[in-house]
Engineer: 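Shown below is the structure under consideration.
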Number of protein chains: 2
Amino acid sequence: MNRNPPKSGDQRLVLDRIRDKQSELTAAERRLTAVLMDDSLVAGMQSITKLAEAAEVSTPTVIRLARKLGFEGFPDFQAAIREEIAARMKEPLAKLDAPSTTENKDHIVSRFAMAVSHNINATIDRLDPAEFDLVARLLADPSRALYVLGGRITRSNAHYFFNHLQIIRPGVSLLDSSPSVWPQSLLDMDERATLIVFDIRRYEKELERLASLVVGQGANIILFTDQWGSPIEKYAKHTFRTLVEVPSSWDSTLAINFLIEALVAEIQTLHSSTDRIAALEEMIGESRIFRSN
Amino acid sequence: MNRNPPKSGDQRLVLDRIRDKQSELTAAERRLTAVLMDDSLVAGMQSITKLAEAAEVSTPTVIRLARKLGFEGFPDFQAAIREEIAARMKEPLAKLDAPSTTENKDHIVSRFAMAVSHNINATIDRLDPAEFDLVARLLADPSRALYVLGGRITRSNAHYFFNHLQIIRPGVSLLDSSPSVWPQSLLDMDERATLIVFDIRRYEKELERLASLVVGQGANIILFTDQWGSPIEKYAKHTFRTLVEVPSSWDSTLAINFLIEALVAEIQTLHSSTDRIAALEEMIGESRIFRSN
DNA sequence: GCCATCGTGTAATGATCACTACAGCAGGAC
DNA sequence: GTCCTGCTGTAGTGATCATTACACGATGGC
């Protein structure tokens with residue numbers, strides 16, 4: 001390729017330069033770099049006007065950033081980006097992660113990303129969209145009382161789900177982590193109640209025991225578990241199996257979180273209680289958004 | 001591959017169009033397409049003047065080719081090329097493709113998966129591996145006291161991180177959600193202390209206030225925020241920006257969880273305190289594994 | 001050999017662009 | 001409160017750009 005414009009001295013990659021200077025950048029400049037890094041600098045191929053519009057900043061801000069990164073002006077900056085993209089396009093398989101040397105391939109983050117990618121894909125694969133929709137409708141029904149319960153590790157997931165459900169609709173309770181206080185909630189669980197349980201390996205005896213009692217009372221159970229399946233499956237009306245293995249000593253609950261977030265999105269749509277959210281924000285008094293314009 | 005770029009009416013790829021019309025092209029136009037195909041269209045990102053020079057043709061020839069290929073003019077042609085390159089660059093390290101049949105393409109789960117895929121990839125993209133390693137080492141150092149704090153939504157993430165850190169190493173505290181009890185912990189934060197804060201949009205004033213106090217005491221802050229950046233960034237020694245936008249009324253903290261899990265994996269490796277885990281499991285008395293195989 | 005046709009480049013045009021100068025404004029210091 | 005500093009956008013400029021009109025030259029039919 002013709003590299004007749006020998007750039008402005010510096011040979012480092014644009015992405016690296018951005019990362020290096022990230023801490024010195026101003027708010028508007030960061031909005032810009034966010035847009036640029038969003039699609040691996042491709043946004044920087046547009047004219048300065050378009051790029052500025054996309055990032056919602058002014059054109060001088062773009063020029064100032066280019067200079068801060070060590071380029072003479074926008075054309076110089078853009079030429080560097082073009083060369084960088086050209087170099088990356090030449091490589092057989094576009095690898096997004098490493099702007100970079102091969103050493104990053106083995107970095108824990110890369111290996112983790114591949115595992116997570118597989119986990120979420122496989123989780124979606126074994127998901128029945130019809131069942132997903134059914135569960136979403138079920139959870140969106142405010143006449144059904146909901147109880148949420150997690151295990152030792154999955155308690156955070158339970159809390160996350162509870163946190164959102166509680167804002168979207170009434171009648172949601174988070175069961176305490178201590179089994180000693182469960183009986184009080186158990187009393188209220190009739191056939192209009194639904195218990196959402198999270199139980200991945202090192203499945204917990206207490207959860208199973210509670211599940212059997214809950215079913216005995218006529219309530220339904222929705223279970224989030226791992227690929228091997230918690231013993232609670234036999235009590236559950238709906239089961240979501242997720243993949244949890246990653247290159248770590250710990251299991252990953254990312255696929256579970258994925259389902260939770262997708263369900264929350266769908267439930268919110270079904271319930272469409274934007275007024276409820278607005279009211280809540282009013283109460284909390286935090287509705288101010290910090291984006292600078 | 002995905003042919004999402006909507007372009008100017010026509011959906012076909014630029015490269016395909018060139019191949020289709022190759023036989024109808026004139027000598028000068030072929031010189032042009034040769035240059036373009038040489039580096040996967042990247043040459044087409046320059047100005048029309050530069051491109052013409054590179055191919056040793058005149059600028060009107062470039063316009064005539066663009067029109068022959070079905071574009072309105074050079075800008076239209078260039079926009080199509082840019083989108084095509086963008087699509088190719090996005091080719092994720094972890095491609096969470098839409099599951100199975102086309103009918104499901106519009107299902108919330110599929111749309112969610114695509115957004116999440118992009119979020120995690122872009123998050124990795126803007127991550128500095130060296131900083132990641134540095135933070136992992138910092139958090140693995142048992143002589144540093146750790147404090148974990150989340151906002152309204154990110155409290156679950158904070159809890160998740162805390163939950164794991166606490167098992168791996170001593171000296172980890174989760175700050176309560178109620179600001180009224182923060183001062184007690186604040187007292188203990190000296191220059192050997194590190195505060196891990198989660199703050200995504202609808203950035204919370206209380207968190208920022210605490211952050212400034214903490215820094216005043218000489219402690220370090222590690223911040224997990226969104227792509228726009230919490231105001232706490234200016235206090236933080238290390239900042240991890242993640243993408244949070246998904247087709248939902250709610251922001252997604254999946255990319256944050258991704259970083260947490262990856263950090264936990266690395267910290268665990270560095271600390272290699274398997275004995276500590278074993279001891280803990282002994283105490284909990286839950287060490288029986290249910291795996292079916 | 002003459003003309004018609006097609007391919008191509010040159011030159012001139014409005015449009016857009018990159019860039020500068022300056023003013024407004026927010027946040028921090030005192 | 002008041003200043004000050006630094007960030008940011010607006011407006012105006014020359015420069016570059018994409019495009020058009022047109023002229024030249026090559027080719028082929030008659």
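From a predicted model like this one, the values you see are computed outputs, not experimental measurements.
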Engineer: Calculate the interatomic distance between F74(B) atom CZ and dA15(C) atom C1'; express it in whole Å.
Structural biologist: 15 Å
Engineer: Between dT20(C), dC17(C), dT20(D), which one does the side chain of T49(A) approach most closely?
Structural biologist: dC17(C)
Engineer: Compare all side-chain heavy atoms of Y235(B) with those of L223(B) and state whether any distance is below 4.5 angstrom.
Structural biologist: no
Engineer: Nearest-Å distance, CZ (F77(A)) to C1' (dC19(C))?
Structural biologist: 16 Å
Engineer: State plainly whether the residues E131(B) and K237(B) are in salt-bridge range, i.e. N to O under 4.0 Å.
Structural biologist: no
Engineer: Measure the shortest side-chain to side-chain distance between L186(B) and Y147(B) over non-hydrogen atoms and say whether it is less than 4.5 angstrom.
Structural biologist: no
Engineer: Using whole Å, report how far CG of L65(A) lies from P of dG6(D).
Structural biologist: 19 Å
Engineer: Can you label the angle between the F198(B) ring and the F224(B) ring as parallel, tilted or perpendicular, going by 30° and 60°?
Structural biologist: parallel
Engineer: Assess whether a salt bridge exists between D20(A) and R17(A), defined as any Lys/Arg side-chain N lying under 4.0 Å from an Asp/Glu carboxylate O.
Structural biologist: no
Engineer: Would you give a per-nucleotide map of nucleotides 5-10 of chain C, 5' to 3', where B means the base has a protein non-hydrogen atom under 4.0 Å away, S means only the sugar-phosphate does, and - means neither?
Structural biologist: --SBBB
Engineer: Take atom CD of Q78(B) and atom P of dT16(D), then tell me their distance rounded to the nearest Å.
Structural biologist: 18 Å
Engineer: Check each of R64(B), K68(B), R67(B) against E29(B) using the salt bridge (Lys or Arg N to Asp or Glu O under 4.0 Å) test, and report the only one that passes.
Structural biologist: K68(B)
